[in-house]
Structures are given as C-alpha cells and as structure tokens.
Colleague: 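The following block contains the structure, expressed as structure tokens.
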Amino acid sequence: MKSINSYLIIFGILILFLACKDSTKPGDNSINPNIIEVAAAWDPNNPNNNYINQYRMADWRDNRLLSFVPFPQIFTLGADLHPVSDTLSIDDKYVRNWKYWEANAAGDRLLVVKSNYIDVSSGALYEFNVNTGDFLLLRDSTYNVSSAVYWHGDENKIVYYRYGNPVGNGAGYYLFDITTQTDSLILSYVAPYRGKEMLNGFDLHPTNNQILIGAVQATQLVGAPPILIRYHLDTQVMDTLVTDFNYSFNRTGLWVRYNSDGTKILYCNFPRGIFTSTTNDDSEVGIIYLPSLQRKILDVNTNPEGTRRSVQFAPKWSPDDRHIVYVSGPLSIEGARGLFSLYILKNVN
C-alpha cells in the first residue's frame with residue numbers, strides 16, 4: 001500500500017500539471033471581446049509625439065472622440081465604433097502637462113488644466129476653442145485648480161475645484177461665470193494634496209443640484225480606500241453613498257461620472273501614481289446604480305500578457321450611456337505601468 005506521502009506527492013504533481021495546462025490553453029490570453037482599441041499610446045511613425053508620462057483622457061460627443069493619444073486628435077467613430085482619426089493642431093507648450101480636460105455638450109469647447117506638476121493635477125485652468133484653436137485663461141496657476149465641469153444648460157458657467165494658495169487657503173468648489181469673470185463659493189472643502197490625491201475627480205449632477213465627490217482618505221504614510229460623497233446644493237446637506245471600495249493594495253483615488261439622467265454613476269477606483277510611469281496596483285472600474293447603490297464591476301483589463309493586469313483611468317459615458325471610453329496601460333512588471341492607450345468598452349449595461 002502506498003504511503004500517505006506518496007499520495008500527497010502524486011496529488012501535488014497532478015495539481016501542478018493542471019495549473020500549467022490551464023495557463024496555456026487557447027483563450028487564456030484573450031481580453032474582453034467588447035473592448036476596442038481606439039488608439040495606441042506609441043506612435044512608431046513620429047517618436048516626437050510619444051510622451052512617456054503624458055496623461056490622457058477622452059470625451060465622447062455624438063460620433064466623435066476628442067482625445068490625446070499620443071497627440072491631440074478627434075476620432076470619428078463608425079457604426080462598429082472603430083475610429084477614423086483627424087489630428088488637431090495645438091501648440092506643444094499647451095499639450096505637455098495637461099492633466100485634465102472636459103468637453104462641453106457640443107464638443108467644441110474644452111476645459112483644460114495645465115498642471116504645475118507631473119504627479120498631480122494642480123495648476124492653471126484654460127478654455128480651449130476646438131474650432132479656432134484659441135486658449136482663454138480662466139484661472140492662473142496660483143489657484144491650483146484640479147478639475148472643472150460645465151454647468152448644465154449654461155456653458156458660460158463652470159464648476160471647478162481648487163486647492164487654494166497657499167494650499168488649503170480658499171480650497172473648495174466654486175461656480176465661475178466666464179462672462180463676468182467672477183467666482184462664488186459652492187462648498188468649502190479641503191482635499192488631500194500631493195502624493196495623496198492625484199486629481200479631484202468630482203462631477204456635477206445633470207440637474208445641477210448635486211456635486212459628487214470622490215473623497216480620498218489616504219494620508220502620506222497610511223493607505224485607505226476612498227469614499228463617495230454627495231453634496232446637495234439646494235439643502236447644503238452632505239451624505240455618503242458608498243464606503244466599500246476595494247482598496248486592494250494601493251487604490252486610493254476615485255473618479256466619478258453621472259450618466260445622462262443621473263441614475264447611474266460610472267466610477268474608477270485608481271491607484272496612487274496614476275500620473276507617473278509607475279504604480280503598484282491596477283484600477284477597478286464599475287457602475288453604481290441609483291437609488292439602490294447596487295454595483296457592477298466591469299471587465300476593462302487590456303493586458304493579456306504577463307501579469308494580465310492593467311491600470312485604467314478617467315472612464316466616461318458614451319452619449320447614449322451604452323458604452324464607455326477610457327484609457328488603460330498594462331501593469332507589466334511589479335511597479336511598472338505601460339503607456340496609456342485609448343479604449344472603448346461596448347455594452348456596459
């Protein structure tokens with residue numbers, strides 16, 4: 001009779017065999033078939049357009065994507081959502097260190113933050129006219145603006161978050177009138193800064209009555225998952241929606257976007273280091289359904305090789321709320337993120 005040890009050895013070999021077999025079977029390295037690569041980060045025909053640490057984002061308007069991958073572009077999408085591209089002409093001094101941008105409803109004006117730093121969105125706020133190529137400075141770099149969105153129904157008004165100057169002084173969310181060049185404080189709010197919050201990824205409800213805040217809870221020395229806060233402008237009441245985001249190892253940040261009628265929230269729980277070429281974790285992208293707060297995690301991984309993990313950022317809805325556009329880079333080896341490329345995930349609902 002064979003000893004127990006012999007059986008254990010045979011069992012171990014069998015498990016090892018099955019694991020090796022499973023890791024090499026056809027289809028293991030495939031990614032979600034609903035993922036479409038719109039544009040790769042690396043342009044082999046023009047190396048000057050490849051910015052290793054250049055952050056990228058896209059907005060979807062009608063059948064067009066407005067993006068930087070790897071240089072300023074407008075992509076016209078066909079019926080199958082595959083792109084035909086047309087390059088925008090933008091002065092290179094503005095392209096570098098763009099850490100945030102948001103299009104208006106028509107897609108002919110963009111709010112842009114040109115950051116003072118590589119690792120955080122904090123700097124000057126511009127409005128870019130897509131048709132003329134002109135930039136209008138709205139708030140200079142001393143304001144330390146992180147992000148901004150247009151007021152729904154009146155695009156001469158915007159809501160923006162600023163860290164203040166010095167940081168913490170005058171920090172909060174402001175309603176800015178472009179016509180009169182005047183600010184009014186909506187909510188005094190001191191967000192974490194430098195090494196803790198990469199970007200203040202807030203959003204404004206379609207009815208303009210709520211601000212959705214991804215509140216970073218991590219400190220410089222202690223990691224923690226973010227929480228989702230909703231501030232009601234009419235009642236000035238703040239409440240917490242979801243507190244159980246998966247911190248994983250390093251997911252300290254939170255990006256959020258309402259859908260067109262405010263019944264769903266698209267979120268990205270992203271790791272520290274998203275604006276540099278290295279990070280130690282991947283991102284979770286999902287949908288929160290209101291008012292139930294049920295969540296659906298989306299399969300957005302774009303890395304079929306190696307670690308089979310990727311880092312996602314800044315997902316946004318398609319105009320019909322059926323699809324999302326996002327940027328993603330492979331987490332190729334421990335601590336190293338590949339360049340961000342632009343992708344569409346179809347049929348998220």
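Heavy atoms only: backbone and side chains are in, while hydrogens, waters and symmetry mates are out. Residues: numbered from 1 along the sequence shown. Every value quoted in this text rests on a predicted model; they were computed, and no experiment measured them.
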Colleague: Which residue pairs pass the salt bridge (charged side-chain N to carboxylate O under 4.0 Å, His left out) test when at least one of the two sits in residues 132-153, sequence neighbours left out?
Modeller: R139-D183
Colleague: So, D299 and N301: side-chain donor and acceptor under 3.5 Å apart, yes or no?
Modeller: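 No.
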Colleague: Kindly state each residue pair satisfying ring-ring contact (aromatic ring centres under 6.0 Å, His included) with at least one member in residues 177-207, sequence neighbours excluded.
Modeller: Y163-Y193, Y173-Y189, Y173-F202, H205-Y258
Colleague: Going by atom types only, do S122 and N116 share a side-chain donor-acceptor pair under 3.5 Å?
Modeller: no
Colleague: Using atom types as modelled and distance alone, determine if a side-chain donor or acceptor of N349 lies under 3.5 Å from a backbone N or O of D321.
Modeller: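 Confirmed, N349 side chain pairs with D321 backbone.
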Colleague: Tell me whether Q181 at atom CD has more than 12 heavy atoms from other residues, nucleotides or ligands lying less than 6.0 Å away.
Modeller: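 Yes, the 6.0 Å shell around CD holds more than 12 heavy atoms from other groups.
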Colleague: Scan for salt bridge (charged side-chain N to carboxylate O under 4.0 Å, His left out) pairs involving residues 168-181, sequence neighbours excluded, and state none if there are none.
Modeller: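 Not a single pair qualifies under salt bridge (charged side-chain N to carboxylate O under 4.0 Å, His left out).
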Colleague: Enumerate the residue pairs fulfilling salt bridge (charged side-chain N to carboxylate O under 4.0 Å, His left out) with a member in residues 220-238, sequence neighbours excluded, ordered by first and then second residue.
Modeller: R230-D239
Colleague: Are K264 and L266 side-chain neighbours, meaning at least one heavy-atom pair lies under 4.5 Å?
Modeller: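 Counting from C-beta outward, K264 and L266 never come under 4.5 Å.
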Colleague: Has Q236 got a side-chain atom pairing as donor or acceptor with L233's backbone, closer than 3.5 angstrom?
Modeller: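 Here the side-chain-to-backbone pair does not exist.
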Colleague: Using the ring of each side chain (for Trp, its six-membered ring), is Y160 parallel, tilted or perpendicular to F176, with breaks at 30° and 60°?
Modeller: perpendicular
Colleague: Does anything in residues 268-285 form a salt bridge (charged side-chain N to carboxylate O under 4.0 Å, His left out)? List the pairs, not counting sequence neighbours.
Modeller: R251-D282, R251-E284, D281-R309, D282-R309, E284-R295
Colleague: Can you tell me if S115 uses its side chain to pair, donor with acceptor, with the backbone of Y117 under 3.5 Å?
Modeller: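 Yes, the answer is positive, given that a donor and an acceptor are paired below the 3.5 Å cut-off.
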Colleague: Any pair with a residue in residues 217-253 that passes ring-ring contact (aromatic ring centres under 6.0 Å, His included), sequence neighbours left out, goes on the list, sorted by first then second residue, please.
Modeller: F245-Y267
Colleague: Kindly indicate whether the side chain of L138, heavy atoms from C-beta on, has any atom under 4.5 Å from the side chain of I158.
Modeller: yes
Colleague: From S341 OG over to E37 CD, what is the distance, rounded to the nearest 0.5 angstrom?
Modeller: 5.0 Å
Colleague: With distance as the sole criterion, is a donor-acceptor pair present between the side chains of S67 and Q73 under 3.5 Å?
Modeller: no
Colleague: Counting C-beta onward and ignoring hydrogens, is there a side-chain heavy-atom pair between V311 and P271 closer than 4.5 Å?
Modeller: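 Yes, their side chains come closer than 4.5 Å.
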Colleague: Going by heavy atoms in the side chains, are D203 and I265 under 4.5 Å from each other?
Modeller: no
Colleague: Determine yes or no for a side-chain-to-main-chain donor-acceptor pair under 3.5 angstrom, with W60 supplying the side chain and I324 the backbone.
Modeller: no
Colleague: Should the pair F135 and F128 be assigned to parallel (<30°), tilted (30 to 60°) or perpendicular (>60°) ring geometry?
Modeller: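 Tilted: the ring planes of F135 and F128 meet at 30° to 60°.
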